[in-house]
Amino acid sequence: MTTVGVMEIEELERSLRGAVLLPGQPDYDDARKIWNAMIDKRPAMIVRCAGAADVRAAVNFSRDHGLQLAVRGGGHNIAGSALVNDGLVIDLSMMRSVQVAPHKMRAWVEGGATLRDVDHEAQAYGLATPLGINSTTGVGGLTLGGGFGWLTRKYGLAVDNLVSADIVIANGERLHTDIDSHPDLFWAIRGGGGNFGVVTTFEFALHAVGPMVTGGLMVFPFAQARSVLRKYRDYVEALDENISVWAVLRKAPPLPFLPAAVHGSEVVALAFFSPLPSEEVNGAVAELRGFGEPVGEHIGSMPYVAWQQIFDPLLVPPARNYWKSHNFNTLSDAAIDVVIEYAGNLPSEQSEIFLGLLGGAANTHAPDEMAYPHRDALYAMNVHTRWLEPAEDAKCLAWAREFFKAAAPHAAGGVYINFLNEDEGDRIAEAYGPNYRRLKEIKAKYDPDNLFRSNQNIRPGP
Ligand SMILES: Cc1cc2nc3c(=O)[nH]c(=O)nc-3n(C[C@H](O)[C@H](O)[C@H](O)COP(=O)(O)OP(=O)(O)OC[C@H]3O[C@@H](n4cnc5c(N)ncnc54)[C@H](O)[C@@H]3O)c2cc1C
């Protein structure tokens with residue numbers, strides 16, 4: 001560990017609009033809490049930045065003092081890369097402003113904003129950009145890894161809608177990057193994660209969405225899982241880009257539209273979304289209903305911002321979480337059988353296996369158009385193991401790992417970097433795919449000493 005003197009820290013603090021939090025100070029323990037309660041790291045200091053000047057000061061300080069550096073956006077990364085033991089954390093949680101220019105269909109979003117911040121500001125004008133499915137997630141980490149959600153089939157990934165970014169690189173310079181300025185850097189940050197610097201502002205293209213959209217759940221008994229999932233596969237593989245349906249296998253939460261007898265038992269839930277009004281997608285919903293005999297259904301018209309927050313109550317901290325993920329280009333019958341076998345043996349009340357649907361506009365780009373490469377993947381499957389007590393760690397981790405292994409022969413071979421765990425360093429090449437080599441070259445140009453390495457790390461190389 002590098003030790004830094006009190007006077008040097010005081011000097012850093014005087015140079016900031018924000019604040020430095022040190023171990024023992026009142027806000028320090030709160031500031032080192034992140035979404036995944038499995039992560040318990042103790043940084044030497046947390047620099048709460050108030051703007052780009054503070055970010056530059058913090059980058060320079062960590063580099064000049066040889067302190068390991070981590071960057072915290074929304075603090076949701078499962079691997080806990082937002083924190084570093086004994087190092088310096090650049091905490092962007094105060095940098096959440098969102099400026100919308102409705103006539104230009106653009107939003108400028110600060111690096112620590114959450115999805116909720118963007119939806120709130122953009123929906124004031126009936127606009128939105130594709131982000132994720134949980135409103136407390138950070139725009140920063142989500143976007144830099146790719147970013148997919150309910151609007152992805154219609155409008156692509158978050159990175160497909162990124163127009164420019166302002167980024168503080170390892171030497172402390174702040175660069176504006178877009179398709180014409182530092183185009184290699186712009187290519188790399190669209191899928192290369194936090195490897196290239198701290199993004200202080202993202203500029204996104206916006207689209208007319210809502211404010212009313214169609215969304216909800218159709219829930220089937222677990223006994224019908226095989227036939228429901230086979231029909232689901234056939235349905236989504238020919239699906240209109242205006243519709244997205246994700247499949248989730250888990251124990252039913254006590255949702256009011258489900259009979260009490262179903263609560264706590266395994267179910268297959270299909271989450272349906274369309275930006276179209278409900279009367280235009282009634283036929284598509286009726287088709288879902290025909291997959292079996294639903295035990296409950298709640299699909300209808302609702303405000304887009306409400307839909308964007310609808311799964312938040314299932315994802316609140318603190319809980320212990322462990323993920324394993326595979327991309328699938330298609331779902332074979334054998335893959336479905338493995339999913340069902342493990343979903344029938346969930347290790348905790350809150351664990352689930354979900355199939356997030358890609359395709360549509362997300363799959364219209366070439367794999368080398370930008371760093372995010374998985375343009376053939378139709379499903380991002382995530383084994384989301386979630387529990388409360390440390391005593392259950394071993395059981396939950398073992399279940400996730402065994403399922404992951406059993407599903408591997410049926411998967412496409414890629415993985416979304418934002419779903420990688422701490423212990424999956426050996427899957428980084430798989431996550432960056434054919435773009436890994438170019439990413440290493442760009443890393444060598446912008447961060448030759450690998451200052452930004454608390455992430456799904458790309459080592460600088462030829
Ligand atoms: C409940 C939940 C739901 C999710 N749903 C989705 C989903 O629907 N779609 C999807 O695509 N992903 C989803 N994810 C995954 C999510 O994209 C990643 O966890 C992502 O890393 C979160 O970003 P963050 O800023 O919140 O995380 P943090 O942990 O704060 O950041 C993760 C890493 O991103 C980098 N980073 C963050 N902000 C910046 C910045 N401004 N500049 C430079 N680097 C930065 C840093 O390297 C940091 O270590 C979900 C995650 C959770 C926990």
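Both backbone and side-chain heavy atoms feed into the values below; hydrogens, waters and symmetry mates do not. Along the sequence shown, residues are numbered consecutively beginning with 1. Both counts, for ligands and for their atoms, begin at 1 and track the order of listing.
Selection from Leu144, Val199, Asn455 by nearest heavy atom to atom 39 (C) of ligand 1 gives Leu144. Nearest to atom 8 (O) of ligand 1 by heavy atom, out of Thr200, Ile133, Ile39, is Ile133.
For the atom pair CG (Leu346) and CD (Glu266), the distance works out to 5.5 Å, reported to the nearest 0.5 Å. Here Ser325 contributes atom OG and Tyr379 contributes atom OH; the two are 14.5 Å apart, rounded to the nearest 0.5 Å. A distance of 6.5 Å separates CD of Gln456 from CG of Asn418, quoted to the nearest 0.5 Å. To the nearest 0.5 Å, the span separating CG on Leu358 from CZ on Arg153 amounts to 9.0 Å.
At a 4.0 Å heavy-atom cut-off, ligand 1 touches Trp35 through the side chain alone. By the criterion of a heavy-atom distance under 4.0 Å, the side chain of Tyr416, and not its backbone, is placed next to ligand 1. Contacts of Asn134 with ligand 1, taken as heavy-atom pairs under 4.0 Å, involve the side chain alone.
Considering backbone and side-chain atoms alike, Leu92 places every N or O at 3.5 Å or more from each N or O of ligand 1. Polar contact check, Val139 against ligand 1: no nitrogen or oxygen pair lies under 3.5 Å apart. Annotation: Phe202 places no N or O atom under 3.5 Å from an N or O atom of ligand 1; distance criterion only. In terms of polar-atom proximity, Phe419 is not counted as a contact of ligand 1, lacking any N or O under 3.5 Å from an N or O of the ligand. Checked by distance only, ligand 1 and Val198 stay at 3.5 Å or farther apart across all their nitrogen or oxygen atoms. The shortest N/O to N/O separation between Gly75 and ligand 1 falls below 3.5 Å. Considering backbone and side-chain atoms alike, Gly111 places an N or O below 3.5 Å from some N or O of ligand 1. Checked against a 3.5 angstrom limit, the closest N/O atoms of Arg72 and ligand 1 fall outside it. Considering backbone and side-chain atoms alike, Ile78 places every N or O at 3.5 Å or more from each N or O of ligand 1.
A donor-acceptor pair is defined here as one N or O able to donate and one able to accept, closer than 3.5 Å; no such pair exists between the side chain of Tyr372 and the backbone of Tyr416. Between the side chain of Thr177 and the backbone N or O of Phe186, at least one donor-acceptor pair lies under 3.5 Å.
Proximity to Ser454 (heavy-atom distance under 4.0 Å) selects the following atoms of ligand 1: 47 (O), 49 (O). Which parts of ligand 1 touch Gly132 is read off a 4.0 Å heavy-atom cut-off, strictly below it: atoms 7 (C), 8 (O), 9 (N).
No close placement of the Trp150 and Tyr155 rings is indicated, their centers lying 6.0 Å or farther apart. Checked against the 6.0 Å centroid criterion, the rings of Phe403 and Tyr342 qualify as a close aromatic pair. Ring pair Trp108/Phe202: centre-to-centre distance not below 6.0 Å.
For His120, the NE2 atom sits in a loose shell: 12 or fewer heavy atoms of surrounding residues, nucleotides or ligands are nearer than 6.0 Å. Surrounding NE2 of His263 are more than 12 heavy atoms belonging to other residues, nucleotides or ligands, all under 6.0 Å away.
Nearest non-hydrogen protein atom to atom 48 (C) of ligand 1 is Val71 O, 3.0 Å. Scanning the protein for heavy atoms near atom 12 (N) of ligand 1, the closest one is Leu142 CD1, 3.5 Å. Taking atom 43 (C) of ligand 1 as the reference point, the nearest protein heavy-atom neighbour is Gly197 O, 3.1 Å. With hydrogens left out, the protein atom closest to atom 33 (C) of ligand 1 is Ser81 OG, 3.6 Å, a heavy atom. Ranking the protein heavy atoms by distance from atom 7 (C) of ligand 1 puts Phe148 O, 3.4 Å first. The protein heavy atom nearest to atom 29 (O) of ligand 1 is Asn77 N, 2.9 Å. Looking only at protein heavy atoms, the nearest one to atom 17 (O) of ligand 1 is Asn418 ND2, 3.2 Å. Nearest protein heavy-atom contact of atom 51 (C) of ligand 1 is Trp323 CH2, 3.3 Å.
With contacts defined as side-chain heavy-atom distances shorter than 4.5 Å, the pair Leu217/Leu270 does not qualify.
For the pair Gly147 and ligand 1, a heavy-atom separation below 4.0 Å is found.
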| field | Check against ring pair (Phe, Tyr, Trp, His ring centres under 6.0 Å), Phe196 and Trp187 | value | CA-CA 11 Å; Phe196 299 92; Trp187 181 90; 8.7 Å; no

| message | side-chain hydrogen bond (donor to acceptor under 3.5 Å, both in side chains) for Asp312 and Asn134? Distances and angles first, verdict last. | response | CA-CA 6 Å; Asp312 290 0; Asn134 166 230; 2.8 Å; yes

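A cation-pi arrangement is absent between Lys324 and Tyr322 under the rule of less than 6.0 angstrom and at most 45 degrees off the ring axis.
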